[in-house]
Amino acid sequence: MLDIKLLRGNPGVVREALNKRGSDLDLNPFLNLEEKRREKLAVVEQLKNRRNVVSEEIGRLKREGNEAADMVAEMRQVSQNIKELDDELRDIEAELQGFLLTIPNVPHETVPVGRDAQDNVEVYRHGEPGSPGFAVKPHWEVGESFDILDFERGSKVSGARFTFYKGAGARLERAVINFMLDLHITEHGYVEVLPPYMVNSGSMLGTGQLPKFAEDMFKVEGTDYYLIPTAEVPVTNLYSGEILDGSRLTISHCAYSACFRAEAGAAGRDTRGLIRQHQFNKVELVKFTRPEDSYEEHEKLTWHAQRVLQVLEIPYRVVCLSTGDMGFSSAKTYDIEVWMPSYNDYKEISSCSNFEDFQARRANIRFKDGKEKPRFVHTLNGSGLAVGRTVAAILENCQQEDGSVKIPGPLVRYMGGMEKIG
RNA sequence: GGAGAGAUGGCCGAGUGGAUGAAGGCGCACGCCUGGAAAGCGUGUGAACGGGAAACCGUUUCGCGAGUUCGAAUCUCGCUCUCUCCGCCA
């Protein structure tokens, strides 16, 4: 959510930001309504002042044993007027709020301006896609041939885009989760959190999934609970409504969770394998920073996510998303893309974003130093990493000529000493 | 699921419908005292919104939402959450 004062005082900045994102939202109805709100507010506050002053006077008179019938009559009328104005104001504020919640964040000045993913800019590349001299099998074939992934039974038991992991496959998924968590906890200084997988609508509003993206999520029928699409939601909302002690910042959390996505509008894309599932595992990194620190922390966080692939020795690249490809809440996003032989291309495995105060304003997360006024924190997050996609990348990038898969060194101890699959 | 108790400022904790943004305490900040510290003493200490260059002024805020009233932390109703006991369960 943007600062209403920014919109009021500097609508040009917001219009320009919207244009960069390819949105043609008209701000004028909003600005007119906001003007109306302030006019009515001034009137009703004056009436309330009158009521407060006179009511106090009535109290004084009664205590002294005097009558005040005419004043009481007047105040009855004033209270009636206040009530009507308050009702009108509440409607206006609800409308303003609804509008405000649908305006995307303003992109940072360093973000490349562009229409879509075509305009993303590669900023870093690590390792080179191997040319193994044999035909690398896609991970879904590897998974089925060694009976470690079972897509058909996943469909039978649940439906499309659900998968069973079995044997060494299940263990590999678990090994990757533990390896990632340990790396971030011990080497990067994150504090681990294991969050709820269902959250209420207020939390979804706080991080920006609601109100615009309800169709992307699973809702638990008959309740106010949603299955989380990412641990970002519960972990960012961990401090919602709180005023944090400034000396505690930067706060860094990492969290493993299952993630649930309806994948509305993704029909026909990535239909095979582990790439696009309704339920998948992810290790998430979340930071709460002072405003002046967030861009430095954004670089750090993105680096921490990359470390996973560096240590596993899997090729990847980092791209800075253009204004047209960025998510609704983000001010700047780097995607980390892992080399995926089955696609003969790089495939997104992490998305690291700085939201500045956009989420903090929605979720009301502030900090304070001593006697200063509270300020909104900046929130950041990134996958560190998507676990299913990492497993897929291992099954393909670490494939040997005989079709077996060599377990990357750092994972061997998490696999109980197992060095290869197949 | 049943029965009961509760929700007040950063924390604890008072609060007969009018003088209470809210006693008292803790914490915190500043000052005095001290060679320095502790103790002691004094002063100050929430947030949001609106107006104002500022000083400051106004409005709102005692879990949330309705209601009664000239006036609600205080009375009524609904909801949420927390705690205790019983049942069930991992």
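Throughout, a chain's letter reflects where its sequence line sits, starting with A, and its residues are numbered from 1.
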Candidates [options] - which lies nearest the side chain of [X]:
X	options	answer
R366(A)	A48(B), G18(B), G50(B)	A48(B)
I58(A)	A66(B), G18(B), U59(B)	G18(B)
K368(A)	G46(B), G50(B), G71(B)	G46(B)
P374(A)	A47(B), A66(B), G50(B)	A47(B)

Can you check the distance between [N] and [M], where both ends of the measurement are the [atom1] atom (answer in whole Å)?
N	M	atom1	value
C70(B)	G65(B)	C1'	23 Å
A53(B)	U43(B)	P	35 Å
C56(B)	A29(B)	P	23 Å
G50(B)	U69(B)	C1'	27 Å
G9(B)	G78(B)	P	25 Å
U68(B)	C75(B)	C1'	8 Å
U60(B)	A37(B)	C1'	45 Å
A23(B)	C79(B)	P	33 Å

[N] [atom2] sits how many Å from [X] [atom1], rounded?
X	N	atom1	atom2	result
I243(A)	C28(B)	CD1	C1'	15 Å
N364(A)	U61(B)	CG	C1'	14 Å
E56(A)	G17(B)	CD	P	18 Å
R90(A)	U60(B)	CZ	P	15 Å
I4(A)	A48(B)	CD1	P	15 Å
D70(A)	C70(B)	CG	P	14 Å
R361(A)	A47(B)	CZ	P	17 Å
Q80(A)	G71(B)	CD	C1'	16 Å

State plainly whether the residues [X] and [Y] are in salt-bridge range, i.e. N to O under 4.0 Å.
X	Y	result
D335(A)	K347(A)	no
E34(A)	R37(A)	yes
E39(A)	K36(A)	no
D245(A)	K368(A)	no

(request) Flag the pair Y334(A) / H298(A) as yes when their ring centroid distance falls below 6.0 Å, and as no otherwise. (result) yes

Would one find a side-chain N or O of [X] under 4.0 angstrom from OP1 or OP2 of [N]?
X	N	answer
R76(A)	C70(B)	yes
R8(A)	G50(B)	yes
N49(A)	U59(B)	yes
N52(A)	U60(B)	yes
R38(A)	C49(B)	no
K62(A)	C70(B)	no
S79(A)	U69(B)	no

(message) Only Watson-Crick and G-U wobble pairs with both distances less than 3.5 Å should count. Give RNA chain B in dot-bracket notation, marking inter-strand partners with |.
(response) ((((((((.[[[..)..(.....]]]((((((.......))))))((((((....)))))).[[[[[..)....]]]]])))))))....

(request) Specify the closest pair of heavy atoms between S342(A) and H139(A), including all atoms of both residues, with the distance to one decimal. (result) OG-ND1, 4.4 Å

(message) So which atom in R8(A) and which in L31(A) form the shortest heavy-atom distance, rounded to 0.1 Å?
(response) CA-CD2, 4.1 Å

(request) On RNA chain B, check which nucleotide each of S55(A) and E34(A) is closest to and give me the residue with the more 5' one. (result) S55(A)

(message) Nearest heavy atom decides the nucleotide; on that basis, is R60(A) or Q46(A) closer to the 5' end of RNA chain B?
(response) R60(A)

Over all strands shown, is [X] touching base, sugar-phosphate only, or nothing at heavy-atom distances under 4.0 angstrom?
X	value
R375(A)	nothing
K5(A)	sugar-phosphate
L41(A)	sugar-phosphate

(message) Between T230(A) and K282(A), do the side chains contain a donor N or O and an acceptor N or O under 3.5 Å apart?
(response) yes

(request) Please work out whether the ring planes of Y239(A) and H253(A) are parallel, tilted or perpendicular, with thresholds of 30° and 60°. (result) parallel

(request) Answer with yes or no whether E45(A) presents, from its side chain, a donor or acceptor under 3.5 Å of a partner atom in the base of G58(B). (result) yes

(request) Scan for side chain to side chain donor-acceptor pair (under 3.5 Å) pairs involving residues 412-421 of chain A, sequence neighbours excluded, and state none if there are none. (result) D182(A)-Y414(A)

